[in-house]
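Before any comments, here is the structure.
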Amino acid sequence: MKRVIIGLSGGVDSSVAAYLLKEQGYEVIGLFMKNWHDDSVTISNECPWLDDSNDAMLVAEKLGIPFQTVDLSEQYKERIVDYMFHEYEKGRTPNPDVLCNREIKFDVFMKIALELGADYVATGHYCRKGIIQKDGKDIYQLLAGVDGNKDQSYFLCQLSQEQLAKSLFPIGELTKPEVREIASKLDLVTAEKKDSQGLCFIGKVKLPDFLQQQLKPKEGVIVEIPKEQDIFKTVETHFDSEEEKLKYLSRKINYKLDYGKIVGKHQGAHYFTKGQRKGLAVGGTVEPLFVIDTDVEENIIYTGQGKEHPGLLKKALFVNNEEIHWIREDLELAVDETMHVKARIRYRQPLEKATLHKVDSGLYVEFENFQSAITEGQFVAWYIEDELVGSGVIS
């Protein structure tokens, strides 16, 4: 009998995943990951992880599977929290969920599970795993979940062949309503529980509040750059090479104070991210203001009016060599090769047509249509049909 250790989060998805594994004849053990208990960062009086671990325990009891809690907060602080602060200070916007999967759930947690004699690790993610044969070898595929609304393959875009080989995603073939229905039939305490929002480790906290406690507030100005600014007018059309064109399309515009007018004040450029609309507290503009760039050195936020502001839109992005990750190592591009894919630069975004161009220094992703708020530090993931084949950190 194969042994599976499932990460029980106290939510409905992992509860139903555990039940399905048991039905499929696996020996199932539930493990709750405690990722956070730093009392120096008090978030609120509620302590969501206690409620969650309690719910996870009740589910395990109901399903008749062994249950224990593992404390991963040290590794969590080191690999996720410290990394995030570091990135924010540099003015980049990291994705904690992608990192949490790569560094914690499918690395630290997986090692613990394998030490406990597990053959597989399972999670309640909405995605599927495929296996194909190539040259007599098994190759694992990360496929989108059947529920288009809930597909979470993006969050697993940094997994490796070794990690996928040992992973199971029991609810990938189901839709969210079907999962809830199973939980109700089983009368699980998590059946009606709302989906958790907020960071994957502190429960109900909002990112800026969390950051604010670590990154000191520092007053600076908000500058509005008009659409008509000359920097948007000079459009180059002649290039000596494809790479020059891509470099141009993915370039970062360096805004200066005198390109626009000061329209307000803020408490720290590092709290803001490109494409952000809320929290600027500047009124009186015809269209809403969006952040088009932040300068953490000078502590200035640059904004523009409306979703279609040229400062928000770009057709290409670049990934450095050391940050390119192929789940399908067999499909990796060599220098000067290209590949037609569909790609997304954030979790809920519909897939967009794009072309990958491999160059000496890294990889360009060139989109057919303009993309809004391509953000440094976030992940771009590329797909062929419904298979996520690779990803990278936007540089």
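Excluded from the calculations below are hydrogen atoms, water molecules and symmetry mates; all remaining heavy atoms, backbone and side chain alike, are included.
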Return all side-chain donor-acceptor pairs below 3.5 angstrom for residues 253-261, not counting sequence neighbours, or 'none' if the list is empty.
none

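- For residues 351-395, the set of pairs meeting the ring pair (Phe, Tyr, Trp, His ring centres under 6.0 Å) definition, not counting sequence neighbours, comprises Phe318-Tyr364, Trp326-Trp382.
- A salt bridge (Lys or Arg N to Asp or Glu O under 4.0 Å) with Arg128 is found for one member of Asp147, Asp386, Asp151 and no other, namely Asp386.
- Atom CG of Asp336 sits in a sparse spot, with 12 or fewer heavy atoms from other residues, nucleotides or ligands closer than 6.0 Å.
- Scanning both residues, Gly7 and Ser14, for their nearest heavy atoms gives O-CB, 3.4 Å.
- For Lys358, the NZ atom counts as densely surrounded, since its 6.0 Å shell holds more than 12 non-hydrogen atoms of other residues, nucleotides or ligands.
- Taking all atoms of both residues into account, the shortest heavy-atom contact from Ala191 to Ser184 is CB-N, 3.7 Å.
- A 6.0 Å sphere centred on CD of Glu192 holds no more than 12 heavy atoms belonging to other residues, nucleotides or ligands.
- Side-chain N or O atoms of Gln349 include one that pairs as donor or acceptor with a backbone N or O of Ile345 at under 3.5 Å.
- Arg180 places a side-chain heavy atom less than 4.5 Å from the side chain of Val12.
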Check against side chain to side chain donor-acceptor pair (under 3.5 Å), Thr375 and Thr93 | CA-CA 7 Å; Thr375 307; Thr93 309; 5.5 Å; no
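- Within a 6.0 Å sphere centred on CD of Glu219, other residues, nucleotides and ligands contribute more than 12 heavy atoms.
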Step by step, would you call Val4 with Ile29 a side-chain contact (heavy atoms from CB on, under 4.5 Å)?
-> CA-CA 6 Å; Val4 182; Ile29 298 172; over 6 Å; no
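- Side-chain atoms of Val335 and Val359, non-hydrogen and from C-beta on, never get closer than 4.5 Å to each other.
- A continuous path of Ile, Leu, Val, Met, Phe, Trp and Tyr side chains, each step under 4.5 Å between heavy atoms, connects Val108 with Leu114, placing both in one hydrophobic cluster.
- For the side-chain hydrogen bond (donor to acceptor under 3.5 Å, both in side chains) test, residues two or more places apart in sequence or in another chain that qualify with Glu178 are Thr175.
- Judged by distance alone, with hydrogens and angles left aside, the side-chain atoms of Arg346 form a donor-acceptor pair with the main-chain N or O of Ala373 at under 3.5 Å.
- Here the side chains of Thr294 and Lys274 are not in contact, with every heavy-atom distance at 4.5 Å or above.
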Worked verdict on Asn35 versus Lys105 for side chain to side chain donor-acceptor pair (under 3.5 Å) = CA-CA 10 Å; Asn35 288 334; Lys105 290 181 192 157; over 6 Å; no
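- Listed by first and then second residue, the side-chain hydrogen bond (donor to acceptor under 3.5 Å, both in side chains) pairs that reach into residues 277-289 are Lys227-Glu287, sequence neighbours excluded.
- Checked against salt bridge (charged side-chain N to carboxylate O under 4.0 Å, His left out), Lys265 has no partners two or more places apart in sequence or in another chain.
- Gln229 places a side-chain N or O within 3.5 Å of a backbone atom of Ile231 that can act as its donor or acceptor partner.
- Here ring pair (Phe, Tyr, Trp, His ring centres under 6.0 Å) pairs that include residues 89-131, with residues two or more places apart or in two chains, number zero.
- The backbone N or O of Glu228 lies less than 3.5 Å from a partner atom in the side chain of Lys233, making a donor-acceptor pair.
- Between Asp135 and Lys137, none of the side-chain N atoms (NZ, or NE/NH1/NH2) sits under 4.0 Å from a carboxylate O, so this pair counts as no salt bridge.
- No donor-acceptor pair under 3.5 Å is formed between the side chain of His270 and the backbone N or O of Tyr88.
- For the pair Asn320 (side chain) and Glu323 (backbone), a donor-acceptor distance under 3.5 Å is absent.
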Show the numbers, then the answer: is there a side-chain contact (heavy atoms from CB on, under 4.5 Å) between Leu99 and Asn101?
-> CA-CA 5 Å; Leu99 291 166; Asn101 286 317; over 6 Å; no
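- In this structure, Ile139 belongs to a hydrophobic cluster whose other members, linked by side-chain heavy atoms under 4.5 Å apart, are Ile132.
- Both Tyr271 and Leu280 are assigned to one and the same hydrophobic cluster, defined by single-linkage of ILVMFWY side chains at heavy-atom distances under 4.5 Å.
- Not a single side-chain hydrogen bond (donor to acceptor under 3.5 Å, both in side chains) links Lys129 to another residue, sequence neighbours left out.
- Using a 4.5 Å heavy-atom threshold, the side chains of Tyr26 and Lys22 count as separate.
- Every residue was checked against the side-chain hydrogen bond (donor to acceptor under 3.5 Å, both in side chains) condition with Lys2, not counting sequence neighbours, and none meets it.
- The shortest side-chain heavy-atom distance between Lys134 and Asp330 falls under the 4.5 Å cut-off.
- The list of side-chain hydrogen bond (donor to acceptor under 3.5 Å, both in side chains) pairs with a residue in residues 295-319, not counting sequence neighbours, reads Glu224-Gln305.
- Residue pairs meeting the side-chain hydrogen bond (donor to acceptor under 3.5 Å, both in side chains) criterion with at least one partner in residues 106-118, sequence neighbours excluded, are Arg79-Asp107, Asp107-Lys111.
- By the criterion of side-chain heavy atoms lying less than 4.5 angstrom apart, applied directly or through intervening Ile, Leu, Val, Met, Phe, Trp or Tyr residues, Val263 is not grouped with Phe290; the two fall into different hydrophobic clusters.
- Atom NZ of Lys342 sits in a sparse spot, with 12 or fewer heavy atoms from other residues, nucleotides or ligands closer than 6.0 Å.
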Residues Thr69, Leu31; criterion side-chain contact (heavy atoms from CB on, under 4.5 Å); working and verdict | CA-CA 6 Å; Thr69 300; Leu31 238 60; over 6 Å; no
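- Side-chain contact between Tyr154 and Cys127: absent, with no pair of heavy atoms (C-beta onward) separated by less than 4.5 Å.
- Leu215 and Ile301 fall within a single hydrophobic cluster, where Ile, Leu, Val, Met, Phe, Trp and Tyr side chains are chained together by heavy-atom contacts under 4.5 Å.
- Glu366 has a carboxylate O that lies under 4.0 Å from a charged side-chain N of Lys245, or vice versa, which qualifies the two as a salt bridge.
- Ile384 is listed as a side-chain neighbour of Met339, based on a closest heavy-atom distance under 4.5 Å.
- Hydrophobic clustering, with ILVMFWY side chains joined whenever heavy atoms are under 4.5 angstrom apart, groups Phe32 together with Leu21.
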Would you list the atom pairs, donor with acceptor, under 3.5 Å between side chains in residues 155-162 and any protein atom, with sequence neighbours excluded?
unit_1, atom_1, unit_2, atom_2, d
Gln158, OE1, Arg102, NH1, 2.5
Gln158, NE2, Ser391, OG, 2.8
Ser160, OG, Glu162, N, 3.4
Ser160, OG, Glu162, OE1, 3.3
Ser160, OG, Gln163, N, 3.2
Ser160, OG, Gln163, OE1, 3.4
Gln161, OE1, Tyr140, N, 2.9
Gln161, NE2, Tyr140, O, 2.9
Gln161, NE2, Ile327, O, 2.8

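- Around the CD atom of Glu385, the shell of radius 6.0 Å holds no more than 12 heavy atoms that belong to other residues, nucleotides or ligands.
- Asp119 places a side-chain N or O within 3.5 Å of a backbone atom of Arg3 that can act as its donor or acceptor partner.
- Within the 3.5 Å criterion, the main-chain N or O of Leu356 finds no donor-acceptor partner in the side chain of Thr338.
- In this structure, Arg92 contributes its side chain and Glu376 its backbone to no donor-acceptor pair below 3.5 Å.
- A salt bridge does not link Glu244 with Lys247: none of the charged nitrogens is closer than 4.0 Å to a carboxylate oxygen.
- Residues Val121 and Lys166 fail the side-chain proximity criterion, which asks for heavy atoms closer than 4.5 Å.
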